[in-house]
Amino acid sequence: MRARVSRTTTRGALCGLLTCGVVAGMMGPAAAADRAPVVDFNGDGYEDIASGAVWATVGGRLDAGAVTVLYGAKGGVSEGRRAIVHQGSPGVPGAVEADDNFGSALAAADLDGDGYTDLAVSSVGEDIAGAQDVGAVTVLWGSRSGLSGGTALWQAPDLEELSYFGSDVASGDFDGDGNIDLTVTAWQSTHTYYGSFDRATGPASTVQEPFGSDWSVFAGDLDGDGDAERFYPYASDGGFGVDISYQDWDGDHDVRRTLDGAAGDVGAVGDVNGDGYDDLVLGDWTDGGRISVWHGGPDGPDPDQTPTVIDQNSPGVPGATETDDGFGEFVSVGDVNGDGYADAAVGTPGEDVGPAEDAGMVTVLYGSATGLSGRGSQAFTQEVAGVPGAPEQWDAFGVAVTLRDVTGDGRADLLAGVPGENLYGGVAYLRATASGVTTSGSLLITARDVGLEGYAGLGYSTDTGAARTGPYGDAATARTAS
């Protein structure tokens with residue numbers, strides 16, 4: 001039996017051809033495109049996207065890592081409107097070193113309140129004071145010319161060797177004070193950096209959380225009260241299954257709540273049924289994979305509700321559930337067709353396409369007044385006409401999926417990581433229309449197209465936007481606003 005395909009096991013497949021270190025990391029949420037804060041690093045009015053190439057060779061140093069920024073425009077993203085940032089870039093703290101894996105996890109938000117989106121970048125392989133793989137997080141600052149310079153986040157004293165600080169990063173206003181905050185997980189502890197942020201001194205304050213998972217965090221405001229909840233997956237006694245707890249601000253302190261019966265190790269947030277409250281879409285890769293939808297409301301997600309569960313055996317969903325497909329291993333939420341209901345992109349990086357094992361697939365599920373379903377869903381592989389490239393073993397098409405409006409037309413376009421493409425990786429771009437995702441005009445931007453060297457793994461990670469907070473009003477208002 002072959003192993004499941006994830007960012008970790010995709011690396012394992014690639015590393016069958018070379019010697020590599022350990023990488024850890026899971027992605028956090030992407031809010032519905034019609035309500036998410038704009039991710040605009042250069043302030044030109046078009047949303048941008050950042051993708052991690054954690055195994056990129058920089059200055060001859062293997063697996064140093066780099067981040068590729070693709071700037072949005074009316075015609076969408078392209079290889080020509082891009083920037084490459086690494087620890088050797090001007091003003092970026094640290095140094096280019098082998099096995100740092102700069103770009104392991106990414107979170108985009110306007111941390112200093114200047115109107116330009118900033119980017120928190122983790123490097124889980126960073127060595128600190130001689131201790132191996134302690135990990136680090138750097139904030140890159142947005143500006144009229146894009147991301148420029150950076151500030152290293154304060155390192156907590158409890159972090160030790162093999163902490164992998166920065167396993168995941170989530171951003172949002174977690175205490176309702178109007179400032180964006182960052183929560184960072186590590187294998188030994190979880191820390192929150194509270195805004196506002198200063199470019200010279202960093203965050204206003206830092207706390208070590210009394211709870212928090214050791215690898216993944218995602219955020220969203222499911223009760224519409226103006227502060228974002230942080231969701232943490234916890235490994236269950238059964239092994240691969242997980243339980244979901246979340247951290248909710250109760251006016252003057254954090255409260256831990258449990259979403260009984262929920263399972264999944266990644267999540268994204270958006271209003272899939274148009275009732276004015278965001279919903280939680282969880283991805284659970286086990287046993288072939290599935291997603292589950294937990295609806296929000298004035299009291300948050302009701303743990304007694306029966307969630308909507310969708311897999312590849314559900315009516316209307318293309319394909320079939322097979323061991324190690326990993327349907328739901330990566331999820332993103334946004335309004336693809338502009339109808340006011342959030343939709344979901346579901347990555348299935350372990351999908352076999354013909355004889356090509358783990359070539360990968362992305363499925364788009366559409367929202368409605370009754371929520372997500374398989375009705376009208378679309379599936380894309382590199383075998384589909386118009387999708388660039390070809391399905392090949394270990395491509396893992398569908399790693400780090402993102403729905404984001406990079407063209408400014410009010411619809412969330414699909415961007416999918418393909419970290420195994422030709423063994424150096426890439427990002428596929430498929431444009432959104434009123435009738436859904438189209439392959440017309442799609443692009444595959446590879447690591448070589450943007451000048452990255454080595455077995456770069458471009459497409460391994462993507463940035464998550466800050467969790468949107470506050471009520472959206474009634475469903476009609478929400479749909480009209482889109």
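Just so it is clear, the values below take in all heavy atoms, side chains as well, and ignore hydrogens, waters and symmetry mates. Counting from 1, the numbers follow the sequence of the chain as shown.
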(message) Using the side chain to side chain contact (heavy atoms under 4.5 Å, CB included) criterion, which residues pair with Ala432? Sequence neighbours excluded.
(response) Val336, Arg411, Asp413
(message) I need the minimum non-hydrogen distance between Ala342 and Gly270, along with the two atoms involved.
(response) CB-C, 4.0 Å
(request) State, without any angle test, whether Gln378 and Tyr366 hold a side-chain donor-acceptor pair at a distance under 3.5 Å. (result) yes
(message) Treating Gln305 as the side-chain partner and His295 as the backbone partner, does any N or O pair qualify as donor plus acceptor under 3.5 Å?
(response) yes
(request) Applying side-chain contact (heavy atoms from CB on, under 4.5 Å), run through Asp100 and Gln87 and close with a yes or a no. (result) CA-CA 9 Å; Asp100 275 356; Gln87 288 181 291; 3.0 Å; yes
(message) Any side-chain to backbone donor/acceptor pair from Ser122 onto Ala105? Under 3.5 Å, distance only.
(response) yes
(message) Between Asp395 (side chain only) and Phe397 (backbone N and O only), is there a donor and an acceptor less than 3.5 Å apart?
(response) no
(message) To check you understand the geometry: which heavy-atom pair defines the closest contact between Gly226 and Asp173, and what is its length?
(response) O-OD2, 4.0 Å
(request) Evaluate the ring planes of Tyr193 and His191, with Trp represented by its six-membered ring, and classify them as parallel (under 30°), tilted (30 to 60°) or perpendicular (over 60°). (result) tilted
(request) Tell me, with the steps shown, if Tyr234 and Ser245 meet side-chain contact (heavy atoms from CB on, under 4.5 Å). (result) CA-CA 8 Å; Tyr234 287 83; Ser245 292; 3.8 Å; yes
(message) Let's go through Arg230 and Glu209 carefully: what are the C-alpha distance in whole Å and the side-chain angles of both, what is the deciding distance for salt bridge (charged side-chain N to carboxylate O under 4.0 Å, His left out) to 0.1 Å, and is it a yes or a no?
(response) CA-CA 11 Å; Arg230 282 159 285 175; Glu209 299 293 358; 3.0 Å; yes
(request) List the steps, then state whether side-chain contact (heavy atoms from CB on, under 4.5 Å) holds for Thr308 with Ser292. (result) CA-CA 5 Å; Thr308 299; Ser292 60; over 6 Å; no
(request) Starting at CG of Asn273, measure out to OH of Tyr341 and round the result to the nearest 0.5 Å. (result) 8.5 Å
(message) For the backbone of Gly289 and the side chain of Glu329, can you confirm whether one donor and one acceptor N or O come within less than 3.5 Å of each other?
(response) no
(request) Please name all residues satisfying side-chain hydrogen bond (donor to acceptor under 3.5 Å, both in side chains) with Trp249, sequence neighbours left out, ordered by chain then number. (result) none
(message) So, taking the atom named CZ in Arg404 and the one named OG1 in Thr462, what distance separates them when rounded to the nearest 0.5 Å?
(response) 6.0 Å
(message) I'd like to know if the side chain of Asn101 and the backbone of Gly65 have a donor-acceptor N/O pair within less than 3.5 Å.
(response) no
(message) Checking side-chain polar atoms at under 3.5 Å, does Thr402 have a donor or acceptor matched by the opposite partner on Ser332?
(response) no
(message) Working to the nearest 0.5 angstrom, can you tell me the gap between Tyr194 OH and Phe174 CZ?
(response) 8.0 Å
(message) Tell me whether Arg256 is salt-bridged to Asp248, with the criterion being a basic N under 4.0 Å from an acidic carboxylate O.
(response) no
(message) Can you list everything that forms a side-chain hydrogen bond (donor to acceptor under 3.5 Å, both in side chains) with Asp223? Sequence neighbours excluded, please.
(response) none
(request) Report the C-alpha distance between Thr258 and Asp260 in whole Å, list the side-chain angles of each, state the deciding distance to 0.1 Å, and finish with yes or no for side-chain hydrogen bond (donor to acceptor under 3.5 Å, both in side chains). (result) CA-CA 6 Å; Thr258 301; Asp260 294 328; 4.9 Å; no
(request) Answer yes if the side chains of Asp127 and Gln132 hold a donor-acceptor pair under 3.5 Å, and no otherwise. (result) no
(message) If you compare all heavy atoms of Gln312 against all heavy atoms of Pro318, which two are closest, and at what distance to 0.1 Å?
(response) NE2-O, 3.6 Å
(request) State, yes or no, whether a side-chain contact exists between Leu119 and Val67 at a heavy-atom distance under 4.5 Å. (result) yes
(request) Answer yes or no: does atom CZ of Arg375 have more than 12 heavy-atom neighbours from other residues, nucleotides or ligands under 6.0 Å? (result) no
(request) Return yes if some donor-acceptor pair links the side-chain N/O of Thr185 with the main-chain N/O of Trp215 below 3.5 Å, else return no. (result) yes
(request) Measure the spacing between CG of Asp324 and OG1 of Thr286 and express it to the nearest 0.5 Å. (result) 11.0 Å
(message) Under a 3.5 Å distance rule, please check whether Asp463 uses its side chain to pair with a backbone N or O of Leu106 as donor and acceptor.
(response) no
(request) May I ask you to decide if Val38's main-chain N or O and Thr117's side chain share a donor-acceptor pair within less than 3.5 Å? (result) yes
(request) Taking all heavy atoms of Ser167 and all of Ala186, pick out the closest pair and write down the distance. (result) OG-CA, 4.3 Å
(request) For residues 285-305, pull every pair meeting salt bridge (Lys or Arg N to Asp or Glu O under 4.0 Å), keeping only residues two or more places apart or in separate chains. (result) Asp284-Arg290
(message) How close do Thr348 and Asp325 get, counting heavy atoms only, and between which atoms?
(response) CG2-O, 3.2 Å
(request) Calculate, to the nearest 0.5 Å, the distance between atoms OG1 and CG belonging to Thr321 and Asn313 respectively. (result) 3.5 Å
(message) Taking ring-ring contact (aromatic ring centres under 6.0 Å, His included) as the definition, give me every residue that meets it alongside Phe231, ordered by chain and number, with sequence neighbours left out.
(response) Tyr246
(message) How long is the straight-line distance from CH2 of Trp187 back to CG of Asp133, given to the nearest 0.5 Å?
(response) 9.0 Å
(message) Donor-acceptor check, side chain of Thr138 to backbone of Ala152, threshold 3.5 angstrom: yes or no?
(response) no
(message) According to side chain to side chain contact (heavy atoms under 4.5 Å, CB included), who are the partners of Asp110, at least two apart in sequence or on a separate chain?
(response) Asp112, Asp114, Asp118
(message) Given 3.5 Å as the limit, does a donor-acceptor pair link the side chain of Thr433 with the main chain of Gly436, or not?
(response) yes
(message) If you apply the rule side-chain contact (heavy atoms from CB on, under 4.5 Å), what do you find for Trp55 with Tyr460, and how did you get there?
(response) CA-CA 9 Å; Trp55 312 317; Tyr460 169 93; 3.9 Å; yes
(request) Write down the atom of Gly374, the atom of Ser377, and the distance for their closest heavy-atom approach. (result) O-OG, 2.9 Å
(request) Would you check if Val269 and Phe218 make a side-chain contact, meaning some heavy-atom pair closer than 4.5 Å? (result) no
